[in-house]
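Here is how names work: the chains are called A, B, and so on, in the same order as the sequence lines, proteins then strands, and each is numbered from 1.
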Number of protein chains: 2
Amino acid sequence: MTGRAEEAKERKPRADAQRNRESLLKAAKAAFTRRGAEINLDDLAKEAGVGVGTLYRHFPTRDALIEAVYRAGVKELADMAAQLSAARPPIEALREWMKIFVDYIATKHLIAPALNSMVGGPSQLYAESGTQIKTAIESLVARAVASGDIRPDLDPFDLLRALVGVANVAASPDWEASAKRLVDILVAGSRPVE
Amino acid sequence: MTGRAEEAKERKPRADAQRNRESLLKAAKAAFTRRGAEINLDDLAKEAGVGVGTLYRHFPTRDALIEAVYRAGVKELADMAAQLSAARPPIEALREWMKIFVDYIATKHLIAPALNSMVGGPSQLYAESGTQIKTAIESLVARAVASGDIRPDLDPFDLLRALVGVANVAASPDWEASAKRLVDILVAGSRPVE
DNA sequence: CTAATATACGGAGGATTCCTCCGTTTACAA
DNA sequence: TTGTAAACGGAGGAATCCTCCGTATATTAG
């Protein structure tokens with residue numbers, strides 16, 4: 001018979017759909033970073049080079065779009081950690097990753113309240129992303145400890161908290177540059193005492 | 001002549017205007033805390049028991065309203081510090097104030113991105129409020145140091161950063177309770193070594 | 001390669017929300 | 001009490017959101 005595996009006949013997603021989705025995410029991330037969560041969605045569609053209909057098909061609500069950008073950021077961070085670990089000396093991998101994390105915070109901050117106000121979902125969202133990020137920095141720090149570049153008693157989470165805390169306290173235009181300088185200071189301060 | 005002091009003939013503000021303004025601020029603070037910065041302003045006016053026209057006269061833009069809520073919060077914090085200093089033992093005044101600060105962050109966080117996206121103004125806004133808050137916690141800590149309850153080498157700003165950082169990292173429903181427990185831990189950890 | 005068709009596309013326009021404008025009301029000074 | 005500056009409310013034009021559907025295109029079977 002020809003009828004085998006009938007219940008699993010999924011097509012693979014169309015290439016143009018995939019392209020448009022990515023184009024929208026990219027434009028949304030840029031727009032959120034620049035102007036916060038209250039961007040004009042009709043304009044966003046235009047910037048991404050698609051129709052509004054396409055935007056709303058991929059992301060039915062503003063919140064869905066925000067969430068997607070957020071998730072993409074977290075995933076990118078996790079992937080980047082693995083990639084840097086493979087390609088760079090431990091201490092440099094950690095340093096680079098922390099700087100990328102600063103970029104991530106820049107978008108996350110602007111959309112955090114929107115995430116918070118989503119009923120039902122946010123805590124799970126945060127829990128999941130928290131785990132991913134925690135795993136990422138833990139493995140980066142572990143490698144740097146193993147190579148002797150970082151003190152063994154350093155809590156990886158302290159680094160995260162320091163970054164996030166500074167991001168909040170200093171809201172000057174110079175914010176990002178200053179946070180990145182702080183990364184260097186933190187890394188230097190985390191070296192073993194001689 | 002009767003013409004003296006002519007250039008300073010300001011009426012005092014009408015009582016109803018004052019009342020409506022406060023009613024709007026109160027409703028706005030509640031709404032921001034509950035649902036973030038994207039509240040429906042027509043509804044907000046209704047909740048405050050005034051017409052939309054009144055709302056827009058007092059706060060011409062959404063941002064103006066957000067800023068007013070923010071400023072009111074900062075002022076309240078500064079006043080509260082003085083009040084607690086007068087009424088309570090140093091260490092308890094500090095502890096209480098930090099817990100009130102946590103409440104304050106709960107609103108501030110929801111509107112922070114909106115504050116950030118105001119062009120031109122935000123850094124000045126933050127700078128001013130930063131000074132007020134810094135002064136408040138500095139004097140609270142100074143008193144507690146003088147009374148011997150807190151280590152002299154403690155940087156008051158570390159306490160603020162810790163609070164703000166935790167507020168970001170932990171976004172669970174339990175968030176506020178957890179932040180307040182942290183206050184107790186911070187205070188305990190700031191005591192002098194024996 | 002061609003045809004068949006599921007899938008995605010764009011954007012017009014109805015629904016919603018924002019905010020201006022002005023005729024009416026009210027608090028204050030004399 | 002009366003005059004008047006100040007404030008009030010809310011109708012409705014402007015701006016934004018988002019649904020709906022006729023058209024276009026990628027994919028697959030033959």
Side-chain angles (χ1 to χ4, degrees), chain A residues 1-28 31-32 34-69 111 114 117-118, chain B residues 1-28 31-32 34-69 111 114 117-118:
Chain A
M1 306 124 207
T2 63
R4 62 195 157 92
E6 232 167 33
E7 74 277 12
K9 56 171 178 185
E10 304 256 318
R11 285 201 177 201
K12 71 179 169 190
R14 273 173 56 160
D16 54 347
Q18 183 70 13
R19 229 177 314 137
N20 282 334
R21 167 171 256 270
E22 265 153 33
S23 166
L24 281 166
L25 276 176
K26 194 175 155 200
F32 284 149
R34 207 159 355 101
R35 294 193 297 278
E38 291 169 38
I39 55 176
N40 179 320
L41 295 188
D42 284 22
D43 286 353
L44 177 66
K46 197 163 293 171
E47 267 169 44
V50 305
V52 258
T54 301
L55 192 166
Y56 283 99
R57 196 167 337 93
H58 283 290
F59 308 101
T61 66
R62 182 187 295 266
D63 284 351
L65 180 60
I66 290 172
E67 186 183 328
V69 169
I111 62 177
S117 66
M118 292 180 203
Chain B
M1 307 127 207
T2 62
R4 61 194 158 94
E6 233 169 33
E7 73 278 12
K9 55 169 175 182
E10 304 257 318
R11 285 199 178 201
K12 72 179 166 187
R14 277 173 53 159
D16 54 347
Q18 183 71 11
R19 232 176 311 137
N20 282 334
R21 167 171 254 272
E22 265 155 34
S23 166
L24 280 166
L25 276 177
K26 195 175 156 201
F32 285 148
R34 208 160 354 99
R35 295 193 296 279
E38 292 168 37
I39 55 177
N40 179 320
L41 295 187
D42 284 23
D43 286 354
L44 177 65
K46 197 163 293 172
E47 266 170 47
V50 306
V52 257
T54 302
L55 192 166
Y56 283 100
R57 194 164 342 89
H58 283 290
F59 309 102
T61 65
R62 180 187 297 267
D63 284 350
L65 180 60
I66 288 172
E67 186 182 329
V69 169
I111 61 177
S117 66
M118 292 180 203

Asker: Of the non-hydrogen atoms in Ala48(B) and Ser23(B), which two are nearest, and what is the gap between them?
Answerer: O-OG, 2.8 Å
Asker: Anything under 3.5 Å between a donor and an acceptor, one on a side chain of residues 13-21 of chain A, the other on a protein residue two or more places apart or in another chain? List them.
Answerer:
residue  : atom : partner  : partner atom : Å
Arg14(A) : NE   : Asp16(A) : OD1          : 3.3
Arg14(A) : NH2  : Asp16(A) : OD2          : 2.9
Gln18(A) : NE2  : Glu22(A) : OE2          : 3.0
Asn20(A) : ND2  : Asp16(A) : O            : 3.4

Asker: So which protein nitrogen or oxygen atoms get under 3.5 Å of nucleotides 23-26 of chain C's nitrogens or oxygens?
Answerer:
residue : atom : partner  : partner atom : Å
dT26(C) : O2   : Arg14(B) : NH1          : 3.0
dT26(C) : O2   : Arg14(B) : NH2          : 3.3

Asker: Does any non-hydrogen side-chain atom of Val52(A) lie less than 4.5 Å from one of Leu41(A)?
Answerer: no
Asker: Can you find a side chain N or O atom of His58(A) that sits less than 4.0 Å from OP1 or OP2 on dC9(C)?
Answerer: yes
Asker: At their closest point, which heavy atom of Ala31(B) faces which heavy atom of Leu44(B), and how far apart are they?
Answerer: CB-CD1, 4.2 Å
Asker: Show me the donor-acceptor pairs, under 3.5 Å and distance only, between side chains in residues 53-61 of chain A and residues at least two apart or in other chains.
Answerer:
residue  : atom : partner  : partner atom : Å
Thr61(A) : OG1  : Asp63(A) : N            : 3.4
Thr61(A) : OG1  : Ala64(A) : N            : 3.0

Asker: Quick one: Leu44(A) CG to dT16(D) P, roughly how many Å, whole number?
Answerer: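 The distance from CG of Leu44(A) to P of dT16(D) comes to 14 Å, rounded to the nearest Å.
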Asker: Rounded to whole angstrom units, what separation is found between the NZ atom of Lys46(A) and the C1' atom of dT16(D)?
Answerer: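 Value for this atom pair: 13 Å.
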Asker: Rounded to the Å, how far apart are Leu24(B) CG and dG9(D) C1'?
Answerer: 13 Å
Asker: Take nucleotides 10-18 of chain C nucleotide by nucleotide from the 5' end and write B, S or -, depending on whether a protein heavy atom sits under 4.0 Å from the base, only from the sugar-phosphate, or from neither.
Answerer: BBB----SB
Asker: Can you tell me how far CG of Leu65(A) sits from CD of Glu67(A), rounded to the nearest 0.5 angstrom?
Answerer: 10.5 Å
Asker: In whole Å, what is the span from the CD atom of Gln18(B) to the P atom of dC8(D)?
Answerer: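 Checked: the CD to P distance equals 11 Å.
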Asker: Between atom CZ in Arg19(B) and atom P in dG9(D), what is the gap in whole Å?
Answerer: 11 Å
Asker: Bend angle of the helix from dC1(C)-dG30(D) to dA30(C)-dT1(D) from five-pair axes at both ends, rounded to 10°?
Answerer: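 Both end axes considered, the difference amounts to 30°.
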Asker: Ala15(B) or Pro60(B): which one's nearest nucleotide on DNA chain C is closer to the 5' end?
Answerer: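 That would be Pro60(B).
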Asker: Run the side chain to side chain contact (heavy atoms under 4.5 Å, CB included) test against Asn40(A) and tell me which residues pass, sequence neighbours left out.
Answerer: Asp42(A), Asp43(A)
